[in-house]
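Convention: sequence-line order gives letters A, B, ...; per-chain numbering from 1.
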There are 2 protein chains.
Amino acid sequence: MKHSEELLRSHGIKVTPQRLTIVDELYGRIHLSIDELYMAIKEKFPSISLATVYKNINAMMEKRFIKEVKIPNQKSRYELIKEPHSHVVCQKCGKVEDVHIDLSTVAKEAMEKSRYHINEDALIFTGVCPECAS
Amino acid sequence: MKHSEELLRSHGIKVTPQRLTIVDELYGRIHLSIDELYMAIKEKFPSISLATVYKNINAMMEKRFIKEVKIPNQKSRYELIKEPHSHVVCQKCGKVEDVHIDLSTVAKEAMEKSRYHINEDALIFTGVCPECAS
DNA sequence: TTAAATGCAAAAAATTTGCAGACGT
DNA sequence: ACGTCTGCAAATTTTTTGCATTTAA
């Protein structure tokens with residue numbers, strides 16, 4: 001069984017061609033905004049409606065297998081949930097990439113200083129990517 | 001001269017009662033969404049229009065003395081720019097607080113791993129505040 | 001067979017714009 | 001006096017909703 005189909009099935013959400021395309025797209029490009037997603041899907045699936053994309057993104061977020069990445073000065077993007085990681089975003093070209101950094105130490109410090117019981121973190125670094133730097 | 005007036009003046013933006021109220025509001029409550037801001041200001045300044053709030057928030061962001069804080073599962077909030085800091089947000093009551101943590105070590109790690117030249121970070125911890133925990 | 005998903009159009013929500021009059025410098 | 005800001009209404013943009021039809025299980 002295809003990876004994307006398995007993902008939908010295991011989260012108790014109906015497997016439709018539209019949804020498979022959305023998930024496949026997210027496997028391939030990792031971070032996509034609603035309209036990037038919509039346009040990308042329209043190529044493979046011209047009849048899809050924007051409302052369907054919205055409905056599915058919301059459904060998948062409720063089922064907790066994709067999540068929204070809120071990026072400074074950009075539209076939100078969506079990604080499949082995998083192991084915890086942070087993001088770097090290029091302020092020149094807008095590119096977004098994953099970066100794996102252990103945040104347990106800072107999370108511990110945040111708990112001590114804030115007295116909150118922390119269970120998630122979202123860290124986004126803004127800077128200039130190697131391509132734009134050269 | 002009032003602190004808020006000085007702030008506007010020093011950023012080359014005209015001092016109006018509406019703007020003073022916006023800045024004062026942000027001094028007092030630290031993190032406010034557009035409509036929290038709008039409603040709060042309406043009390044002191046019933047004639048203010050929502051468009052004015054938007055225009056001013058955008059103007060102040062361009063002048064770089066306030067910034068948007070994008071929070072998971074919530075509307076964006078805005079804050080006056082001060083020394084760098086992170087945020088904790090309570091997933092029960094929605095409260096947002098500052099927490100001061102030194103991120104230079106993780107930023108360095110992000111630079112090494114991503115090869116980006118990092119110059120900003122935005123870190124938000126999600127958890128449960130002491131009040132909601134008890 | 002049946003509950004859920006799709007696609008459309010319409011509605012609602014969020015944000016921006018244009019412009020005449022008011023106001024700050 | 002001049003250029004900017006305000007407030008209103010209208011325009012755009014973004015997201016959600018209702019509903020008839022189709023589709024997955």
Side-chain angles (χ1 to χ4, degrees), chain A residues 1-2 4-25 32-63 65-78, chain B residues 1-2 4-25 32-63 65-78:
Chain A
M1 192 191 298
K2 252 181 103 179
S4 44
E5 180 176 345
E6 169 57 20
L7 188 63
L8 292 168
R9 219 176 278 289
S10 66
H11 286 87
I13 179 176
K14 243 176 196 173
V15 178
T16 69
Q18 290 87 340
R19 283 176 178 168
L20 287 171
T21 313
I22 290 175
V23 174
D24 283 343
E25 212 51 59
L32 290 167
S33 68
I34 291 281
D35 22 304
E36 284 171 338
L37 210 38
Y38 178 53
M39 289 189 297
I41 294 166
K42 241 185 174 330
E43 309 235 319
K44 303 184 179 172
F45 220 105
S47 73
I48 202 171
S49 101
L50 183 54
T52 300
V53 177
Y54 273 107
K55 282 172 187 168
N56 282 326
I57 288 295
N58 288 333
M60 292 176 190
M61 287 206 291
E62 266 167 34
K63 299 292 185 186
F65 66 94
I66 73 172
K67 65 182 275 193
E68 186 176 0
V69 185
K70 292 189 169 189
I71 300 170
N73 313 313
Q74 282 196 23
K75 285 187 189 163
S76 287
R77 300 174 179 230
Y78 299 85
Chain B
M1 193 191 296
K2 252 182 102 179
S4 43
E5 181 177 345
E6 169 56 22
L7 189 64
L8 294 168
R9 219 176 277 288
S10 66
H11 286 87
I13 179 176
K14 243 174 195 172
V15 178
T16 69
Q18 290 85 340
R19 282 175 178 165
L20 286 171
T21 314
I22 291 175
V23 174
D24 282 344
E25 212 51 61
L32 290 167
S33 68
I34 291 282
D35 20 305
E36 285 171 336
L37 211 38
Y38 178 52
M39 290 190 297
I41 294 167
K42 243 185 173 330
E43 308 235 320
K44 302 183 181 173
F45 220 104
S47 73
I48 201 169
S49 102
L50 184 53
T52 299
V53 177
Y54 274 108
K55 282 172 188 168
N56 282 325
I57 288 295
N58 288 334
M60 292 176 190
M61 288 206 290
E62 267 166 35
K63 300 292 185 184
F65 65 94
I66 72 171
K67 64 182 276 193
E68 186 177 0
V69 185
K70 291 188 169 191
I71 299 169
N73 313 314
Q74 282 195 26
K75 285 189 188 161
S76 287
R77 300 175 179 230
Y78 299 85

S.K.: Within residues 32-41 of chain B, which residues have any heavy atom lying less than 4.0 Å from an atom of DNA chain D?
M.R.: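 Within residues 32-41 of chain B, no residue comes under 4.0 Å of DNA chain D.
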
S.K.: Using atom CG of A:N56 as one end and atom P of C:dG7 as the other, report the distance to the nearest whole Å.
M.R.: 9 Å

S.K.: Got a second to check how far A:Y54's OH is from A:S49's OG, nearest 0.5 Å?
M.R.: 11.0 Å

S.K.: Is the shortest distance from a Lys or Arg side-chain nitrogen in A:K44 or A:D24 to a carboxylate oxygen in the other one below 4.0 Å?
M.R.: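 Salt bridge flag = no for A:D24 with A:K44.
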
S.K.: Distances under 3.5 Å only, N/O to N/O: pair up the protein atoms with those of nucleotides 18-23 of chain C.
M.R.:
unit_1	atom_1	unit_2	atom_2	d
C:dG18	O6	B:K55	NZ	2.8

S.K.: When the distance from CZ of A:F45 to P of C:dA5 is rounded to whole Å, what number comes out?
M.R.: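 Rounding to the nearest Å, CZ of A:F45 and P of C:dA5 are 15 Å apart.
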
S.K.: Under 4.0 Å from OP1 or OP2 of D:dA24: is there any side-chain N or O of A:R19 that close?
M.R.: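 The answer is no; no side-chain N or O of A:R19 sits under 4.0 Å from OP1 or OP2.
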
S.K.: Between B:N58 (CG) and D:dT4 (P), how many Å, whole number?
M.R.: 17 Å

S.K.: As an exercise, state the distance from CD of A:E68 to CD1 of A:I34, rounded to the nearest 0.5 Å.
M.R.: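 Reported to 0.5 Å precision, the distance equals 8.0 Å.
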
S.K.: Around atom CG of A:D35, are there more than 12 heavy atoms from other residues, nucleotides or ligands closer than 6.0 Å?
M.R.: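 Check passes, neighbour count above 12.
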
S.K.: Using whole Å, report how far NE2 of A:H11 lies from P of C:dA4.
M.R.: 18 Å

S.K.: Please determine whether a side-chain nitrogen or oxygen atom of B:Q18 lies at a distance below 4.0 Å from atom OP1 or OP2 of D:dG7.
M.R.: yes

S.K.: Rounded to whole angstroms, how far apart are CD1 on B:I48 and P on D:dC8?
M.R.: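 Value for this atom pair: 11 Å.
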
S.K.: Rounded to whole Å, how long is the line connecting atom CE of B:M61 with atom C1' of C:dT15?
M.R.: 11 Å

S.K.: Report yes or no: do A:T52 and A:Q18 form a side-chain donor-acceptor pair below 3.5 Å?
M.R.: no

S.K.: Rounded to whole angstroms, how far apart are CG on B:L8 and P on D:dT4?
M.R.: 16 Å

S.K.: Which of these nucleotides, D:dT14, C:dG7, C:dG24, is closest to any side-chain atom of A:Y54?
M.R.: D:dT14

S.K.: Specify the separation, in whole Å, of atom CD of B:E68 and atom C1' of C:dT15.
M.R.: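 So the two atoms are 12 Å apart, to the nearest Å.
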
S.K.: So if I apply the side chain to side chain contact (heavy atoms under 4.5 Å, CB included) rule between B:I41 and each of B:I48, B:L32, B:L50, which one comes out positive?
M.R.: B:I48

S.K.: Atom NZ in B:K63, atom CG in B:L8: separation rounded to 0.5 Å?
M.R.: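 Answer for the NZ-CG pair, B:K63 versus B:L8, is 11.0 Å.
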
S.K.: Name the closest nucleotide to the B:S49 side chain, picking from D:dC8, D:dT16, C:dT15.
M.R.: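 Among the listed nucleotides, the one closest to the side chain of B:S49 is D:dC8.
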
S.K.: For the side chain of A:I13, counting heavy atoms from C-beta on, which of D:dG7, C:dA5, C:dG7 is nearest?
M.R.: C:dA5

S.K.: Less than 4.5 Å apart, side chain to side chain, heavy atoms only: is that true for A:R77 and A:I71?
M.R.: yes

S.K.: Distance check, rounded to the nearest 0.5 Å: B:R19 atom CZ versus B:L7 atom CG?
M.R.: 12.0 Å

